[in-house]
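Below: one structure, written as structure tokens.
None of the values given here were measured: they were computed from a predicted structure. Every chain is numbered from 1 and lettered A, B, ... according to where its sequence line falls, protein lines coming before strand lines.
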Amino acid sequence: MSGKINAVLATLLVGCGLSLVNAQYQARHLFIELERTQSQARQLDIEWAQLQLDQSTLGKHARIEEIARGDLNMMPLTAARTQYLTPEGSK
Amino acid sequence: MSRGNNVNNARVAASKGVPFSKNPVLAVSLPVWRSRVVLFVLFFAFAALAGRAMWLQGVSTQFLQKQGEIRYARTLELPATRGKITDRDGQVLASSVPVKAIWAIPDDVQNAPVDKLRQLAKLLDMSNAELQKKLDSDRGFVYLKRQVEQDVSEQIMKLGIEGISTRKEYKRFYPQGEVTTHVVGFTNVEDVGQESMELAQQKTLVGQPGSRRVIKDRLGHIVEDIESIREPHDGKDLTLSIDSKIQYIAFTQVKEAVEKFKAKAGAAVVLDVHTGEVLALANYPTYNPNDRSKLTGEQLRNRVMTDSFEPGSSMKPFPVVMALDAKKVTPHTMFDTGNGSMVIADRVIHDTHANHTIDVQTIIQKSSNIGTSKIAMSMPAQDLWEMYTKLGFGQQPKWGFPGAAAGRLRPYKSWRPIEHANMSFGQGVSVSLIQLARAYLVLARDGDIIPLSFQKVTEAPHGTQVISPKTAAEMREMLEMVTLPGGSAVKAQVPGYRVGGKTGTAQKFIGGHYSHTKYIGNFIGMAPMSDPRFIIAVMIDEPSGPQKYGGDVAGPVFSALAAQALRAKNVAPDSDLTHIIIPESAAQGNM
């Protein structure tokens, strides 16, 4: 009788041990995955900041004006060339 | 049985018949103490082992665990980034990007091959001699260069020179450069704010670095966390009140004016009438915050905030509103300003032209010193002092901007009569441009004064009433007349919009007396008059061309700035185009 119980308990013990090994293995895997994703998130954050900076640098009013005047031959609007419309109709 | 005996007999010694193992020769009798000694030695050996085990496990366990941990656990710094600074629409004005500091252990580097060091010097953008000088140090640690960009530092590490390492740090970039720098400021190499908003908001911008304890394997991979992570807290982003479009317009206009009038410097500030937000603050000369190697004090100077000057005629509306509010005069009360000069005590004050008898409106329109003095002196000096104090002159501004000037307003008890008169037209009192602009807010609003803000405001501030709404409206009418034909600042007109304002020209006070060649021209105005939205203040310091007066140098800047700002903000024109003379400067259409 007691021999049987021992056998069952021993099997259980081995089973538990194996599942522990497996759980630990899974945990490590997930942890590595988490690390990788977090570092990716940080990288993307940096990239985002960099892109915002680029946007601001490229969208500088001075640069826009230079391109508008130089490359596109645009001219600033003057009141003399503007027709103002009122909600009731044009004047 | 007999057979068994036979076998036995064969093995025993033939002589005596005793088995070999029982041979008495072999039975050496040992003394008892010897086995005892062995027993004791063994006992003590085990006792020593047990004692040692107890010592390790019980007493020095902490020390050992610590030693063990040192061999596998690492504390990682989790850096926090400094907050971004953006304009009111979210455009980035300052942002930190990770870079590397390159440092070296000089003794280790000395052994490196010469050609590698040459490559290193080239990557660091310095000469060989410079590099050698840095390495020729007794210290165990020298920075070769700080704030090196990521890709350059990677190339340096690829050289694989022994004794060269990198350290992570941040570099602040200012994409708008010289245009916004007088508002935004800059940080030093340690990421600590040095000027303007970077300095004022240092505490909120700076982040709180965190840390975590981890177990690392032999290859340096993180295996797991040991303790809970101390999360890093990034610095808070800062949204300024600045509108980068208006800021750019203001900057280019000031720059153009300084060059055109050959002035020493120029400045402009644009305020939002409803919220007291500073929409633009421009200075020229200026500097590029990304490259401060040749920075001079002249460039660094923030003339809007930290310089105070005698404003001249642009102070005139205030004694007049004081008298209007006290019901001493109405806009149509007549004053005799005579032939352009008036004696007060032993001094003489002058007008530019003889205006004879004119009403209060015309005194402002023509900018009569005599008229303003007469109005101011009809009331006690204390009243004028109180009015100026309520408007914030001579008071330290508390809007969270470092180094803001308080200006100078002497106590009224020490005023002599001539000084009382001088104060009424802006001499003997010094103010900063932003203080002056804020005082005009009172006129543009319904007579209440509000605090200014350099950060975006979500709800309109509550003001303190200084003058009645009626007085403010009457003054606005007079200020509009200044820009109409016959006024002192027709060049400040804006096509399509009704505007108003007041010019000021002050002789600079140098070495104890007023200079006759050095002037500060200014114009403080508001637009559009039907429902004021912007206060625009312009100051041109020491124009050296033929034009020196505020109306001539600062007026056109106001006009161009207002025209573009109103258009940029889609403010509907409130004036009929046909009824307004288009001033030349605006018709040329400088953007």
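- Within the model, atoms CZ of B:Phe173 and CD of A:Gln52 stand 14.5 Å from one another, a figure rounded to the nearest 0.5 Å.
- Contact between A:Thr57 and B:Pro175 at its shortest, heavy atoms only, is OG1-CB, 3.4 Å.
- Annotation: the span from B:Ser95 atom OG to A:Leu51 atom CG amounts to 10.5 Å, rounded to 0.5 Å.
- The line from NE2 of A:His61 to CD of B:Gln91 is 5.5 Å long, rounded to the nearest 0.5 Å.
- To the nearest 0.5 Å, atoms CD1 (A:Ile46) and CD (B:Gln150) are separated by 7.0 Å.
- Residue B:Lys245 touches chain A through both its backbone and its side chain, counting heavy-atom pairs closer than 4.5 Å.
- Contact annotation: the side chain of B:Tyr248 never approaches that of A:Lys60 to less than 4.5 Å [non-hydrogen atoms, C-beta and beyond].
- More than 12 heavy atoms of other residues, nucleotides or ligands shown are found within 6.0 angstrom of CD on B:Glu259.
- Looking at B:Ser244, the atoms closer than 4.5 Å to chain A (heavy atoms on both sides) sit in the backbone and in the side chain alike.
- Taking the charged nitrogens against the carboxylate oxygens, A:Glu35 and B:Lys216 have no contact shorter than 4.0 Å, which rules out a salt bridge.
- With rounding to the nearest 0.5 Å, the separation of CD in A:Glu65 from OG1 in B:Thr252 is 6.5 Å.
- Heavy atoms of A:Ala27 lying under 4.5 Å from chain B are absent altogether.
- Comparing B:Leu93, B:Thr81, B:Asp225 by how many heavy-atom pairs each has under 4.5 Å with chain A, the most go to B:Asp225.
- For B:Val97, the part lying near chain A is the side chain, with the backbone staying farther off; criterion is any non-hydrogen pair under 4.5 Å.
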